[in-house]
Amino acid sequence: MSQAEERLKVEGIRIPEAPIPVAAYVPGLVIDNLVYTSGQLPMADGELAYKGRLGENADVETGYAAARQCAVNCLGVVKSLIGDLDRVVRVVKVTGFVNSTADFESHPKVINGASQLLQTAFGEAGVHARSAVGVGSLPLGAMCEVEMVVEFKD
């Protein structure tokens with residue numbers, strides 16, 4: 001088990017297998033020494049764990065938990081492609097999409113769920129560039145979706 005997985009285990013988090021895509025795409029790709037994950041939904045045990053819309057029927061704390069689960073799933077993709085999270089050099093970029101009403105303004109607080117999980121897992125190497133964007137809907141009615149770019153060593 002990698003050091004990142006050990007740190008997350010203390011938080012009660014386990015890295016799952018890469019989720020099965022819900023449409024015509026792959027969970028992630030490796031180009032040179034970068035992993036690009038596809039957008040990951042807040043799935044847990046094969047089911048959508050967080051469905052809803054921020055500002056309508058979901059609060060920031062629940063959105064935070066949803067973004068955190070998305071990041072866990074992204075790490076599952078990374079691990080499936082590079083074999084060991086100890087090979088991660090840096091989380092380069094995180095993009096978070098938040099299913100929200102037009103007047104919702106706390107997108108960054110929601111996507112902090114993903115960002116803070118990555119910092120817990122990787123320390124300084126988990127600090128990244130980021131975008132947090134509000135959208136009118138997401139696949140399956142998911143509360144959020146997260147994708148990332150991760151640099152790894154050979």
Side-chain angles (χ1 to χ4, degrees), residues 1-50 54 60-100 105-135 137-140 142-154:
M1 185 176 289
S2 71
Q3 291 178 13
E5 288 177 279
E6 289 288 346
R7 287 187 208 94
L8 292 175
K9 185 178 177 183
V10 170
E11 303 285 323
I13 298 168
R14 69 169 184 78
I15 302 302
E17 297 293 318
I20 297 169
V22 298
Y25 61 91
V26 294
L29 289 172
V30 173
I31 306 293
D32 297 323
N33 64 332
L34 296 173
V35 174
Y36 295 82
T37 73
S38 293
Q40 298 299 312
L41 300 178
M43 306 293 280
D45 300 319
E47 301 289 326
L48 183 65
Y50 297 93
L54 281 291
V60 171
E61 292 75 23
T62 306
Y64 178 99
R68 179 174 143 152
Q69 185 62 43
C70 292
V72 168
N73 292 337
C74 284
L75 292 179
V77 172
V78 172
K79 183 178 176 182
S80 76
L81 292 171
I82 67 172
D84 186 348
L85 293 180
D86 281 341
R87 294 180 64 199
V88 171
V89 172
R90 175 158 208 100
V91 178
V92 177
K93 172 79 183 212
V94 170
T95 304
F97 303 94
V98 179
N99 185 356
S100 61
E105 297 179 347
S106 296
H107 309 90
K109 290 179 182 177
V110 170
I111 302 304
N112 278 348
S115 294
Q116 290 172 340
L117 175 116
L118 295 168
Q119 292 168 25
T120 297
F122 300 110
E124 282 298 310
V127 178
H128 50 268
R130 186 180 89 177
S131 297
V133 180
V135 296
S137 68
L138 285 170
L140 309 176
M143 201 171 288
C144 60
E145 181 173 345
V146 172
E147 63 184 37
M148 63 180 66
V149 179
V150 175
E151 179 186 12
F152 68 96
K153 62 186 170 192
D154 291 325

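The figures here come from the full heavy-atom set of this structure, side chains too, leaving out hydrogens, waters and symmetry mates. What you see is a predicted model, and the numbers here were worked out from it, not measured in a lab.
Of the possible donor and acceptor atoms, one in the side chain of Gln40 sits under 3.5 Å from a partner among the backbone N and O of Ser38. Between the side chain of Arg87 and the main chain of Ile82, a donor-acceptor pair closer than 3.5 Å is present. A donor-acceptor pair under 3.5 Å is formed between the side chain of Asn73 and the backbone N or O of Leu41. For the pair Ser106 (side chain) and Lys109 (backbone), a donor-acceptor distance under 3.5 Å is absent. A donor-acceptor contact shorter than 3.5 Å is absent between the side chain of Glu151 and the backbone of Val91. The backbone N or O of Ser131 sits nowhere less than 3.5 Å from a side-chain atom of Thr95 that would complete a donor-acceptor pair. Not a single donor-acceptor pair under 3.5 Å links the side chain of Thr37 to the backbone N or O of Cys74. Of the possible donor and acceptor atoms, one in the side chain of Arg90 sits under 3.5 Å from a partner among the backbone N and O of Val127. Here the side chain of Asn99 pairs a donor or acceptor atom with the backbone of Ala142 at under 3.5 angstrom.
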Open item on the list: Could you walk me through whether Met143 and Val98 satisfy the side-chain contact (heavy atoms from CB on, under 4.5 Å) test, starting with their C-alpha distance in whole Å, then the side-chain angles of each, then the deciding distance to 0.1 Å, before giving a yes or no?
Closed with: CA-CA 6 Å; Met143 201 171 288; Val98 179; over 6 Å; no

Open item on the list: Using side-chain contact (heavy atoms from CB on, under 4.5 Å), reason through His107 and Ser100 one step at a time and then give a plain yes or no.
Closed with: CA-CA 8 Å; His107 309 90; Ser100 61; 3.1 Å; yes

Open item on the list: Evaluate Tyr36 against Glu147 for side-chain hydrogen bond (donor to acceptor under 3.5 Å, both in side chains), listing each step before the verdict.
Closed with: CA-CA 8 Å; Tyr36 295 82; Glu147 63 184 37; over 6 Å; no

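Rounding to the nearest 0.5 Å gives a distance of 8.0 Å between CZ of Arg68 and OH of Tyr50. Between atom OG1 of residue Thr120 and atom CD of residue Gln116 there is a gap of 7.5 Å, rounded to the nearest 0.5 Å. Between atom CE of residue Met1 and atom CD1 of residue Ile15 there is a gap of 9.0 Å, rounded to the nearest 0.5 Å. The CD atom of Glu145 sits 7.5 Å away from the SG atom of Cys70 when rounded to the nearest 0.5 Å. Between Phe152 atom CZ and Asp84 atom CG the span is 12.0 Å, to the nearest 0.5 Å.
Residue Val77 comes nearest to Pro19 through the heavy atom pair CG2-CD, 4.0 Å, listed as atom of the first residue, atom of the second, then distance. Taking each heavy atom of Ser80 and Ala18 in turn, the nearest pair found is OG-CB, 3.6 Å.
Within the 4.5 Å cutoff, side-chain heavy atoms of Ser115 are placed close to those of His128. The shortest side-chain heavy-atom distance between Lys79 and Glu5 falls under the 4.5 Å cut-off. No side-chain heavy atom of Val26 sits less than 4.5 Å from a side-chain heavy atom of Pro21. Within the 4.5 Å cutoff, the side chain of Phe97 has heavy atoms near those of the Val135 side chain. Looking only at side-chain heavy atoms (C-beta outward), Val89 and Asn33 stay at 4.5 Å or farther from each other.
Just one residue in the list Val72, Val146, Asn112 forms a side-chain contact (heavy atoms from CB on, under 4.5 Å) with Leu117, and that residue is Val72. Evaluated for a side-chain contact (heavy atoms from CB on, under 4.5 Å) with Leu34, the options Val150, Val149, Leu29 yield exactly one hit, Val149.
Under the 4.0 Å criterion applied to side-chain N and carboxylate O atoms, Asp86 and Arg7 are not assigned as salt-bridge partners.
Applying the 6.0 Å contact sphere to CD of Glu11 captures more than 12 heavy atoms from other residues, nucleotides or ligands. With a 6.0 Å radius and a threshold of 12 heavy atoms from other residues, nucleotides or ligands, Glu105 has its CD atom at or below the threshold.
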